[in-house]
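Just below is one structure, and these are the notes that go with it.
Every number for a ligand or one of its atoms is a count from 1 in the order of the listing. What's counted below: heavy atoms across the whole structure, side chains too, no hydrogens, waters or symmetry copies.
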Amino acid sequence: MRRFYKGLIALLMICMLAGCGKKSNKQETDKELFVIGFSQVGAESDWRLANTRSMQETFTNERGYELLMENAMQQQDNQFAAVRRFILEDVDLIVIAPTTEEGWDILLEEVHEAGIPVIIMDRSVAVWNRDLYLTNIGSNFLEQGEEAISWIETNLPVAEDEPLKVLHLKGTDGSTAQLMRTRALEEADQRHEDWTIVQQLNGDFTEAKGYEVMTNYLKHSQDFDVIYSENDNMTFGAMRALDEAGITYGENGKVKIVTFDATKRALQLCLEGKINLCVECNPLHGPLVEELIQKYRNGEQIQETVYISESVFTKENLTQEFIDQRTY
Ligand code: AHR
């Protein structure tokens, strides 16, 4: 019997030294990480890929975070499912980049009841109860649209006998980026009797759709002066369609091009004179979101809306050096 007890004591000591009965090292480390559930819109554009990278590069394990990212493939239902999984996983905080503005009330109530704080990133949500999220960080999309309009007003003179014909390429219907950029154009159209929006085509923020709708449109009309395209990828698709139809564009072309995002590829085309105006939409949200999370964790006050800083580019204020340094 004494031999049995001696053996048991030895076994217990080995267990204690080896850490038996405790959680694994990984679990212990995980426990210290701040877990963020991130519902991303999709991978529809170069902008979106840069935005995802910015989040992934910011919220790393080394920096004390675990980022659980779910790609919603531009479907709001996928976002609802992802957020409900985050609730079940009892994450510390949820970041949502919403596809569209409407339809979030019930889901955000569920998250609120679960006691998980929410940050709305990039676009916005239209909910009755503003207390359902901490803050909304992203672009001032209306200001972006107004910048584009002011450039058109200054740089595209209207002929005496003919209106300025604008072809409008819209992004995802109901998204803040679409709603606000469209609002700026439609309000300008109301103000300017000598402007007309010849057509509004929906390209869903993708290059493939931009190419498709533009190709179809050009089959029955080629009479427009400027393309107001709500993102770079739709612009690239539209440019391909214009090339195939033999229509010139840019600085010395028949059609002028105004685009939103100002990604590296668009800036290069702007410097080459193929795009007239790039209105920047800054995708580098990661560091700003982290700053807000730190404030929240420190119990500090957080602003309701935080806009990221952005610029406007034409050939005149661009340099090759600047474009080469751009990370997206
Ligand atoms: O919400 C930001 C918009 O979404 C960007 O302009 C576009 O490229 C992206 O897909």
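- In the displayed structure, Lys274 atom NZ is contacted under 6.0 Å by at most 12 heavy atoms of other residues, nucleotides or ligands.
- Both the sub-6.0 Å distance and the 45° axial angle are not jointly satisfied by Arg53 relative to the ring of Tyr328.
- Those atoms of ligand 1 that come under 4.0 Å of a heavy atom in Ala177, given as number and element, are 1 (O).
- With no hydrogens or angles considered, a side-chain donor-acceptor pair links Glu153 and His192 at under 3.5 Å.
- Here Arg181 has side-chain heavy atoms under 4.0 Å from ligand 1, and that is the only part of it that gets that close.
- Surrounding CD of Glu300 are more than 12 heavy atoms belonging to other residues, nucleotides or ligands, all under 6.0 Å away.
- Among protein heavy atoms, atom 2 (C) of ligand 1 sits closest to Asp122 OD1, 3.4 Å.
- Residue nearest to atom 6 (O) of ligand 1, selected from Thr263, Asp261, Asn231: Asp261 (by heavy-atom distance).
- Using bins of under 30°, 30° to 60° and over 60° for the plane-to-plane angle, the ring pair Tyr217/Phe224 lands in the tilted bin.
- At the top of the distance list for atom 4 (O) of ligand 1, counting protein heavy atoms only, stands Arg123 NH2, 2.9 Å.
- Of all atoms in ligand 1, numbered sequentially from 1 with element shown, those under 4.0 Å from a heavy atom of Glu44 are 4 (O), 9 (C), 10 (O).
- Residue-to-ligand polar distances keep Trp47 apart from ligand 1: every N/O pair is separated by 3.5 Å or more.
- Those atoms of ligand 1 that come under 4.0 Å of a heavy atom in Ser45, given as number and element, are 7 (C), 8 (O), 9 (C), 10 (O).
- Both cation-pi conditions hold for Arg130 and Tyr133: the charged atom is under 6.0 angstrom from the six-membered ring centre and inside a 45 degree cone around its axis.
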